[in-house]
Engineer: 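This is the structure, below, for whatever I ask next.
These values consider heavy atoms only, across backbone and side chains, with no hydrogens, waters or symmetry-generated copies. Here is the naming used below: chain letters follow the sequence lines, and residue numbers restart at 1 for every chain.
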Amino acid sequence: MPRKNYFYTTTKSLKFMSKEITSQEENYSEWYLDIVKKAQLADNSKVKGCMVIKPYGFAIWEKMRDELDRQFKATGHQNAYFPLFIPKSFLSKEAAHVDGFAKECAVVTHHRLKVGADGKSVVVDETAKLEEELIVRPTSETIIWDTYKDWIKSYRDLPLLINQWANVVRWELRTRLFLRTTEFLWQEGHTAHATEAEAIAEARQMLDIYADFARDFMAMPVYKGTKTPNERFAGADDTYTIEALMQDGKALQAGTSHFLGQNFAKAFEVTFLNENNKNEYVWATSWGVSTRLMGALIMSHSDNEGLVLPPKLAPIQVVIIPIPKPDEAIDAKVAEISQALRKKGITVKYDNDTKTRPGFKFAEYEMRGVPVRLALGARDLQNGTIEIARRDTKEKKSVSLENIADYVENLLVEIQDNLYQKASQRLKDRTHTVNTWEEFVDVVENKGGFAYAYWDGTTETEVKIKNLTQATARCMPWDLEVAEGTKTCILTGAPATQRVLFAKAY
RNA sequence: CGGGGUUUGGCGCAGUUGGUAGCGCACCUGGUUUGGGACCAGGGGGUCGCAGGUUCGAGUCCUGUAACCCCGACCA
């Protein structure tokens, strides 16, 4: 008689019971979702495609936001706030713009609910129909330019350098936590300038800020470049982008900056009197990064044990764990260490919870990506040592308590640097200069990463390449030097002037 | 918009031919433990997504319906 198995466990339940996560190799997409959930960054909400950003996840976003905000202000921008709702008619004023966004707009049609016929439910009050329907902003160019029209009269009003932190809604068909959600948080800068050159310089400057931020804070190397016309923002003359590479070999557009030419100025009649008393249209830019950066951050550094965070964006940089549990002597020493660390501006958490044991805490903070862990027990106190573990390499060793703050400070710098070096090496290794179609296909289908290839400059060819391989033109990079090769299009063999980075992308 | 999946305690799940709901984690109480996810004993907590129907009886069968997730076509 077969023994009855009392312990039915599916793979999934076992996974959660043991608090393990799906490995990248097994299923990259599930690995990503596991990290988002188990590091407690965000949850799905009951609203399709929308997410709840949890405190730990939001703390990371706040660090990104604060640093970017600081840099925006340092370059002369001011924050303002424009409405969530945009009159429907505004969107249609710029032809390319409406084409780009019309398919994914949420529309407000009524302004009142009433109790339904059953006396319990709530229904839309049909008598409360809006005269003009409102759309929930997918981006704010239109309402902002309609406002700028009143703000800008003279060259003395320029440049106008405004940023706003806001939520926007794009009704996407397919969503993924942080990477593409129906509602997301972002900043959008909108500037007006007297000259074309100045606007272009502004757009480039902001892309530089994004790229530097990615490098210096996210430890994420990116390619800066110009989008092909086909990939341009709807309503822009030029779109600049930073493109990052995720660990699965797919590219991720991490931020964009647009030179809008005079398109919105003309659509919304935004003119200024120049020094010669002549009316001119202003030149415009817009630029933004979103909570998508969270996804980029997660997929840049994390491993099969969980989240890995660069120290500069970690809400907790150092966690101290008493071994086996807090006591007076340990508490006193920890207070001393914490104070020394805080004096250096390091964020420290002392986990003196007595309900969980050290092993549990170790695993938990690894899952959540805390860069440095200190463990202090009686043995350490006796020897004047402390155990220090780094999340990025998982190295663990015992070091002297003397100058521990200096040691940790240096280690945090080293971790930040190591993460960047590793990501840079990966980007380098997975950027392939290709000169034949066979090589191109090999990169896209087998190797993963970027294929840097000549392209004849036509949208037709770009679309063909996408249909054949799923690879899209990510950008024409600004500073990626390679051997020239034959200047013919990878697909058509037609004369080409410019190489383009192609990749499968998020 | 297609294809698949899920919906049962706070979380993750099981529930056989319909017979009055269970397991792990978490939580509460007590005790023993403690240098890598502790253990024992006791305890609290669920009108099984929603609406109908079949039946003496429905988590289970039937018919609707809703929500969310995942995989593909559009997009930051």
Side-chain angles (χ1 to χ4, degrees), chain A residues 4-20 27 29-30 32-33 37-38 40 43-51 99-105 118 121 138-139 168-188 227 230-234 239 241-243 251-258 286-293 295-296 305-306 321-327 330 354-367 373 375-381 383 385-387 389 394 396 398 466-467 470 472 505-506:
Chain A
K4 178 155 182 172
N5 181 7
Y6 290 99
F7 301 100
Y8 283 112
T9 47
T10 64
T11 313
K12 205 172 177 187
S13 68
L14 191 68
K15 190 177 80 186
F16 274 85
M17 275 158 60
S18 63
K19 303 201 173 177
E20 275 169 11
N27 186 337
S29 165
E30 208 165 306
Y32 173 79
L33 287 171
K37 295 204 169 144
K38 299 199 156 206
Q40 296 166 57
D43 275 336
N44 288 306
S45 76
K46 280 301 170 66
V47 184
K48 183 180 168 62
C50 293
M51 63 179 165
D99 270 358
F101 287 104
K103 286 172 302 202
E104 49 191 33
C105 285
D118 61 4
S121 62
T139 178
V168 287
V169 167
R170 295 180 189 176
W171 216 266
E172 301 287 354
L173 300 175
R174 177 109 159 71
T175 58
R176 263 154 144 330
L177 290 172
F178 287 119
L179 294 175
R180 179 171 293 107
T181 45
T182 300
E183 178 192 20
F184 57 95
L185 306 183
W186 76 344
Q187 57 70 215
E188 47 181 324
K227 286 283 188 190
N230 185 238
E231 296 280 336
R232 240 177 232 158
F233 174 73
T239 289
T241 178
I242 54 170
E243 297 286 327
L252 180 81
Q253 178 177 307
T256 50
S257 180
H258 315 290
S286 69
W287 28 274
V289 294
S290 71
T291 35
R292 173 177 249 206
L293 286 180
E305 272 72 58
I321 295 170
I323 306 293
K325 60 180 176 183
D327 65 34
I330 293 175
T354 52
K355 288 185 204 104
T356 52
R357 296 158 31 123
F360 179 87
K361 293 174 183 173
F362 290 178
E364 191 67 16
Y365 290 106
E366 278 162 14
M367 180 76 78
R373 180 185 75 229
L376 187 72
R379 209 160 66 202
D380 292 304
L381 290 178
N383 302 338
T385 59
I386 192 162
E387 184 187 271
K394 300 180 197 111
K396 184 162 81 168
S398 191
K466 185 183 174 184
N467 290 339
Q470 287 178 14
T472 50
Y506 279 98

Engineer: List in chain and number order the residues that pass ring pair (Phe, Tyr, Trp, His ring centres under 6.0 Å) with A:Phe101, two or more places apart in sequence or in another chain; answer none if no residue qualifies.
Structural biologist: A:His97, A:Phe233
Engineer: Excluding sequence neighbours, so at least two apart, what forms salt bridge (Lys or Arg N to Asp or Glu O under 4.0 Å) with A:Arg176?
Structural biologist: none
Engineer: Quickly work out the A:Ile330 CD1 to B:G35 P distance and round it to whole Å.
Structural biologist: 12 Å
Engineer: Base contacts versus sugar-phosphate-only contacts with protein, heavy atoms under 4.0 Å: please encode nucleotides 64-72 of chain B as B, S and - from 5' to 3'.
Structural biologist: ---SSSSSB
Engineer: Salt-bridge test for A:Lys103 and A:Glu172: reply yes if a basic N is under 4.0 Å from a carboxylate O, no otherwise.
Structural biologist: no
Engineer: Do A:Lys325 side-chain and B:G35 base share a donor-acceptor contact under 3.5 Å?
Structural biologist: no
Engineer: Hey, is the side chain of A:Arg373 pairing donor to acceptor with the base of B:G36 inside 3.5 Å?
Structural biologist: yes
Engineer: Kindly write out the residues that satisfy salt bridge (Lys or Arg N to Asp or Glu O under 4.0 Å) with A:Glu104, not counting sequence neighbours, or none if the list is empty.
Structural biologist: none
Engineer: Looking at the side chain of A:Ala375, which of B:G35, B:G37, B:G36 is the nearest nucleotide?
Structural biologist: B:G35
Engineer: Taking any heavy-atom pair under 4.0 Å as a contact, classify A:Glu305: base, sugar-phosphate, or nothing.
Structural biologist: nothing
Engineer: Rounding to an integer number of Å, can you tell me how far A:Leu179 CG sits from B:C75 C1'?
Structural biologist: 13 Å
Engineer: Check salt bridge (Lys or Arg N to Asp or Glu O under 4.0 Å) between A:Glu231 and all other residues, then give those that pass, not counting sequence neighbours.
Structural biologist: none
Engineer: Please enumerate all protein N or O atoms sitting under 3.5 Å from an N or O of nucleotides 41-50 of chain B, with distances to 0.1 Å.
Structural biologist:
none

Engineer: Please report the distance, rounded to the nearest Å, between NZ in A:Lys355 and C1' in B:U32.
Structural biologist: 19 Å
Engineer: With sequence neighbours left out, what residues match A:Trp171 under ring pair (Phe, Tyr, Trp, His ring centres under 6.0 Å)?
Structural biologist: none
Engineer: Is a salt bridge present between A:Arg373 and A:Glu366, judged by a nitrogen-to-oxygen distance below 4.0 Å?
Structural biologist: yes
Engineer: Provide, to the nearest angstrom, the distance between the CD atom belonging to A:Glu104 and the P atom belonging to B:C1.
Structural biologist: 16 Å
Engineer: Tabulate protein N/O versus nucleotide N/O from nucleotides 6-10 of chain B, keeping only pairs under 3.5 Å, one per line.
Structural biologist:
none

Engineer: Applying a 3.5 angstrom cut-off to the pairing atoms, does RNA chain B sit in any stems of at least three consecutive Watson-Crick or G-U pairs? List them by first number.
Structural biologist: B:1-7 with B:66-72, B:10-13 with B:22-25, B:27-32 with B:38-43, B:49-53 with B:61-65
Engineer: Heavy atoms only: give me the nearest A:Pro138-A:Cys105 pair and the separation to one decimal.
Structural biologist: CG-SG, 4.0 Å
Engineer: Side chain of A:Glu172: nearest nucleotide among B:C75, B:A38, B:G36?
Structural biologist: B:C75
Engineer: Not counting sequence neighbours, which residues clear side chain to side chain donor-acceptor pair (under 3.5 Å) with A:Ser286? List them please.
Structural biologist: A:Glu141
Engineer: Atom CD of A:Glu387 and atom P of B:G36: how far apart are they, to the nearest Å?
Structural biologist: 8 Å
Engineer: Who passes side chain to side chain donor-acceptor pair (under 3.5 Å) against A:Lys361, sequence neighbours left out?
Structural biologist: none
Engineer: Could you tell me which residues satisfy salt bridge (Lys or Arg N to Asp or Glu O under 4.0 Å) with A:Asp43, sequence neighbours excluded, listed by chain and number?
Structural biologist: A:Lys54
Engineer: Rounded to whole angstroms, how far apart are CG on A:Leu252 and P on B:C75?
Structural biologist: 16 Å
Engineer: Looking only at atom P, what distance separates B:C23 and B:A14, rounded to whole Å?
Structural biologist: 16 Å
Engineer: Write down the distance between NZ (A:Lys103) and P (B:C1), rounded to a whole number of angstrom.
Structural biologist: 16 Å
Engineer: Quickly work out the A:Phe362 CZ to B:G37 C1' distance and round it to whole Å.
Structural biologist: 11 Å
Engineer: On a heavy-atom basis, which atom in A:Leu179 and which in A:Gly295 lie closest, and how many Å separate them?
Structural biologist: CD2-CA, 3.7 Å
